[in-house]
Amino acid sequence: MASSGVRNGGPRMSAKLDRQGAGATPKAAAGKQRLSSAAGAYRRTSSGPLPAAGGRASSDGVSSRVRVAVRLRPRNAEELAADADFGDCVELQPELKRLKLRKNNWESETYEFDEVLTEFSSQKRVYEVVAKPVVESVMEGYNGTVMAYGQTGTGKTFTLGRLGEEDTAARGIMVRAMEDILADITPETDSVSVSYLQLYMEMIQDLLDPVNDNIAIVEDPRTGDVSLPGATVVEVRDQKSFVDLLRVGEAHRVAANTKLNTESSRSHAILMVNVRRSVKGRSEMDVSISGENGHSSSMIGSLRPPIIRKSKLVVVDLAGSERIDKSGSEGHTLEEAKSINLSLSALGKCINALAENSPHVPVRDSKLTRLLKDSFGGTARTSLVVTIGPSPRHRGETTSTIMFGQRAMKVENMVKLKEEFDYKSLCRRLDIELDKLIAENERQRKYFDDEVERIRAEAQCRIAEAERECKITLENEKMKYHQEYLDSIKVLEEKWKTQQQSPKRQIKEAESTSSDVGEAHNLLQNEKILRQSAEDEASDLKNQITHWKKLEATATAEVVKLRKMLDTEASQKEKLEEEIGVLRSQLLQMSMEADETRRSLDKGDGPGKIFPGLDSLASQTRSSQPREQSNGPKQPIAKLSEQVGLQKILSLLESEEPDVRVHAVKVVANLAAEEANQEKIVEAGGLTSLLVLLRSSEDETIRRVAAGAIANLAMNETNQDLIMAQGGVTLLSMTASDAEDPQTLRMVAGAIANLCGNDKLQTRLRGEGGIKALLGMVRCGHPDVLAQVARGIANFAKCESRAATQGNKVGKSLLIDDGALPWIVKNANNEAAPIRRHIELALCHLAQHEVNSKDIISEGALWELVRISRDCSREDIRMLAYRTLTSSPTLQAEMRRLGIKM
C-alpha cells in the first residue's frame, strides 16, 4: 500500500502562516514590526542624547525563519543513457510547493518547501524567489545570506556563480544580485565593496590575491561577530568591474574531474558584499523637529550626525557532498573530498542543534560553521537553495539533501537593523563648514584691507594732483616773467647792434676766414688719429690669428696621438678576446672530457673521494707519468693547468658568465682529485674561492661540483683545519638544508664525512651543526647519500672510541646526544652493502664505550650487535662486535637477563 506523509513539522496552514510571518521579504509580514521598531529608535534618537560612535540605533531584532527552496536539475546525457528504463526518483508539485520522493514504485514520501523549482525554471525565476528578497533586505540595512547545498554535479555553481557572458539569461544569483544593488545605491553617498574567498582544506584563501592563502578568522569578543581582516576588499563602481573580479576568482578556484562531475568544485566559495548606505530621511526629520525652537535649526542641523546603514550579503557556493565509491576520488582528490565532507558534516550538526533548540551549537568544529555563524541562528536573513538530481541511482544523496533542507527550515534567525551615526562624515562636514567660515572671514578681511588701500591711494592721488597743479601754475608764472625779461634784453641788444654795426663788419669777415682754416686743421688731425687706431687693430688681429693657428697644430698632434693609443688598445682588446675564446674552448673541452670520464668511472664508492673513478685516473696518471714525460702527451687537465696557469683558472671562478664559472669549477674539482695538486690549489686561494662559490652561487651544478672539490681537499688533515677555520662546516650545513639534488647532497655528505675522521675537530664539528646536517640529509633516501652519511657517522664514532680509550673523552657519545642512534639501529641491516658496513662499524665503536651501554640497550641496538657478531660477512667487523659484547659488563648482564648466548 502506498503511504505518504508531510515532513514539515506540522500542517500546511501553519507552514503558510510561518512563511507569512517570517518571510524573507522585508516589505511583507515583518514590515509593520520593523517600522514600529524603527519609529521607536527614531524617538530615542531624536529626544535622547547622541549615542557613542559606532553604537546601534535600531530596536530589538525581528524573528525570521530560514527560507529553503529546492531546485531539480534536468537529466544529463549520461543519465539519459543509463537510466532510460527508470523513472525519476522525485516528483515535483510546484503549485503546492511539495516534493514527492519515491522509495519504489508503490511508496513515496512528501515534503514541503518554501519554493519548489522544476528543471524548467529559469535563472531569473530562481533569483526572484530565492535571492531577491534577501537582496532587498540587505539594501534596507539587514545582513543576508544566500547559500546553495547539494550533491556534487547538481548545479550549485550554475545557480549561484554563472557569469552569463554568452547568454545573459543564464546569469547566476551573484551577477543578478550585484545588478540590483548597484541600481539601488547613490554613488555620491553610498559604497559597495566585495571580497571573494574559498575554504579549501580548512584554509581560507583569497581568490582575488592567491598569495594570501591562509587568512585568519577574527572574532569580536564583545559582539561575537566574525570578520576576515586579512581578505582583499575591492570597491565596486560598475557591473563590468564586478564580473571581471568574479572571472579572476573563478580562475583561481580549485576544481577537479571526478566520475560524477567533470568540473567538480573542491572548495567552498564565499562572496561577501558589504553595502554602506546613508539614511537621509531620518536626518532631515531630526533637523525639522529641532528647527521648531527658533533660529537654532541650522546650527542644530549641522551638528546632527548623519545616519548610515551597514549591511552584508554573503553568497556561499558549497562544494558538493560526494560518496567516495561513486566519485572515484583517490590520492589528493580523496583528501579534498574528506575535507569537504567533514566541513559539511559540521554544518549539518549545527543545523540539527539549532533545529532542536539544543543549548550547545558546535560552531567551532569547522571554519565553515564559524564563517556562517551569523547565517544560521544569527542576525542575518538567510535563504537556502538545495539542488538535487532526478537519477534513481543517487536516491540516497537526494534524500540526505532534502532532509538537510527540512532541518534548515526549522532554524530561526533574529534579524536586526544595523544603523550607526556617521561621526566621521559629520566631522568632515564640520571641517568643510569651518573651512568655509575661515575662507569667508579671510575674504571679508581682504575686502576691508583692499578698501582701506583704495581710499589711501585715492587720497594720495588727490594730493599729487593738487601738488602738480600748483607746480604748473608756478612754472607758468616763472616762464612768463622770464620771457618778459628776455624780450627786454633783446630789444636793448638790437638797439646796441644797430649802433655798432658799421665799424665792426670788416672785423667779423676776417674772424670768419681764420675760423674756417682752424676747423680744417682739426679735421686733418682727427683723420690721422683714426688711421693709426685702425692700423693697431689690424696688427692685433694678425697676432691672434697666428696664436690660434699654433693652438690648432697642437690639438691636431694630440688627436693623432690619441688615435694611435685607441688603435693600440683595440688591438690589445682583440688579443684578449682571442685568448678568452681559446681559454673558454679549452675549459669546455676539458669539462666535457672530465664529465665523460666521471660517468664512465662512477660505479664504485670509495672511502674518501667523492668523484669515483678519479682516484684510478690519478693513480694511472702517477704510474704513467715517467712514460708520458718521455714519450706521450700529458693528461688533459694537467696539461690545461700548465698551459693556462692555476691562478688564471681560479680567477675564472669569479667570471660573470655562468658557463665560464661552471667549466672552471669542474676543472678545479678534477685537479683537486689528485693529491699532488691539492697543496697548490690551497696556496693559490682555491679553497677560499670554492667556499665563496658555495655561499653565493644559486646554480645547482656549481654548488654540487664545488662541494665535491671541497670534499677532495678535505682528505688532507691540514686542509681540514683550514676548512673549519673558514666556516666550511656551516656553509656545508646550509647547502645540505637547501639542496634537493641527490648528487649535491652526496658531495656535501662526503665532505662532512671526511671532516668527521679528524680527532681534533670533533667538538667544533658538532658545535657548528655538522652531525645534524648529516642526519638531515637522510631525508633524501638516495643510497649514495645514505652511504656517505653512514661513512661520516662511522668515522665520528671511531674517533670518539679512540678518544675514550686514550682517556680524552668522558661522557656519552655526541652522536647519541644528537639523536643518531635510532637511525643507526634502523639501517644496521640495510640491503646496500656500503651502508650496512659503515653502520655496523659505527655501532661497534659506540658500544665500546661503557657509558653508551644503557642507550644501546634502550634503543634495541643490542640485538643488532648480536646479529653482527654472528652473521656479518666481514670477519674483522664480526670479531669487533664479539669483543665489544664480551668486554662490556652492562651488555653482558643484559644478555644474561634476556637469555642470549654467544
Side-chain angles (χ1 to χ4, degrees), residues 7 66 68 70 101 111 145-157 160 197-205 217 219 226 253-256 258-261 264-270 314-378 380 382-389 394-411 413:
R7 296 296 187 90
V66 174
V68 180
V70 61
L101 178 63
Y111 301 92
T145 301
V146 178
M147 188 171 68
Y149 178 90
Q151 182 190 7
T152 181
T154 55
K156 298 181 297 300
T157 303
L160 296 181
L197 314 166
Q198 71 173 354
L199 179 60
Y200 176 69
M201 301 288 285
E202 282 302 305
M203 288 192 302
I204 302 175
Q205 301 175 353
I217 300 177
E219 186 171 347
V226 295
R253 190 177 178 187
V254 182
T258 65
K259 292 182 179 180
L260 297 179
N261 192 355
S264 176
S265 300
R266 315 307 292 170
S267 65
H268 307 299
I270 304 170
V314 180
V315 183
V316 184
D317 180 11
L318 295 174
S321 60
E322 60 183 54
R323 290 186 178 179
I324 307 304
D325 55 347
K326 291 186 178 182
S327 64
S329 300
E330 60 183 10
H332 186 67
T333 309
L334 177 59
E335 296 301 322
E336 293 173 342
K338 289 180 181 179
S339 177
I340 293 170
N341 290 338
L342 283 175
S343 59
L344 293 178
S345 176
L347 178 61
K349 291 179 181 178
C350 292
I351 296 295
N352 291 342
L354 291 169
E356 296 172 0
N357 293 323
S358 175
H360 172 66
V361 180
V363 294
R364 295 189 175 274
D365 287 357
S366 172
K367 289 186 178 180
L368 176 64
T369 55
R370 292 185 65 189
L371 290 174
L372 299 179
K373 178 181 177 181
D374 192 50
S375 303
F376 292 97
T382 302
S383 183
L384 171 67
V385 54
V386 292
T387 57
I388 59 176
H394 305 306
R395 180 181 288 106
E397 290 83 347
T398 302
T399 303
S400 175
T401 302
I402 291 173
M403 295 310 298
F404 180 88
Q406 289 289 299
R407 288 189 295 270
M409 290 178 66
K410 298 178 182 180
V411 177
N413 291 349

Legend entry - Thr398, Thr387, Thr401 screened by side chain to side chain donor-acceptor pair (under 3.5 Å) with Thr154, the one that passes: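 One option only clears the test, and that one is Thr387.
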
Nearest-0.5 Å distance, [atom1] of residue [X] to [atom2] of residue [Y]:
X	Y	atom1	atom2	result
Leu372	Leu199	CG	CG	9.5 Å
Arg395	Leu101	CZ	CG	7.0 Å
Met147	Ile270	CE	CD1	10.5 Å
Gln198	Asp317	CD	CG	11.0 Å

Inset, instruction - Given side chain to side chain contact (heavy atoms under 4.5 Å, CB included), test Ile402 with Val386 step by step and report yes or no. - result: CA-CA 7 Å; Ile402 291 173; Val386 292; 6.0 Å; no

Identify the heavy atoms of [X] and [Y] that sit nearest to each other, and give their distance.
X	Y	answer
Asn413	Phe376	OD1-C, 3.6 Å
Ile217	Arg370	CG2-NH2, 3.8 Å
Val68	Ala408	CG2-CB, 4.1 Å
Thr145	Ser375	OG1-OG, 2.6 Å

Inset, instruction - May I have the step-by-step check of side chain to side chain contact (heavy atoms under 4.5 Å, CB included) for Val411 and Ile351, ending in yes or no? - result: CA-CA 7 Å; Val411 177; Ile351 296 295; 4.3 Å; yes

Legend entry - Backbone of Gln151 reached by a side-chain donor or acceptor of Lys156 within 3.5 Å: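 It does hold such a pair.
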
Inset, instruction - Measure from the side-chain N and O atoms of Arg253 to the backbone N and O of Ser265, and report whether any donor-acceptor pair falls under 3.5 Å. - result: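 Here the side-chain-to-backbone pair does not exist.
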
Inset, instruction - Could you pull out all residues at least two apart from Tyr149 that satisfy ring pair (Phe, Tyr, Trp, His ring centres under 6.0 Å)? - result: Phe404

Legend entry - salt bridge (charged side-chain N to carboxylate O under 4.0 Å, His left out) pairs, two or more places apart, involving residues 343-367: Glu219-Arg364

Distance-only donor-acceptor hits, side chain of residues 340-348, under 3.5 Å, sequence neighbours excluded:
residue, atom, partner, partner atom, Å
Asn341, ND2, Glu322, O, 3.2
Asn341, ND2, Ala337, O, 3.3
Ser343, OG, His268, NE2, 2.8
Ser343, OG, Ser339, O, 3.3
Ser343, OG, Ile340, O, 2.8

Inset, instruction - Walk me through it: do Ile204 and Leu371 pass the test side chain to side chain contact (heavy atoms under 4.5 Å, CB included)? - result: CA-CA 10 Å; Ile204 302 175; Leu371 290 174; 4.0 Å; yes

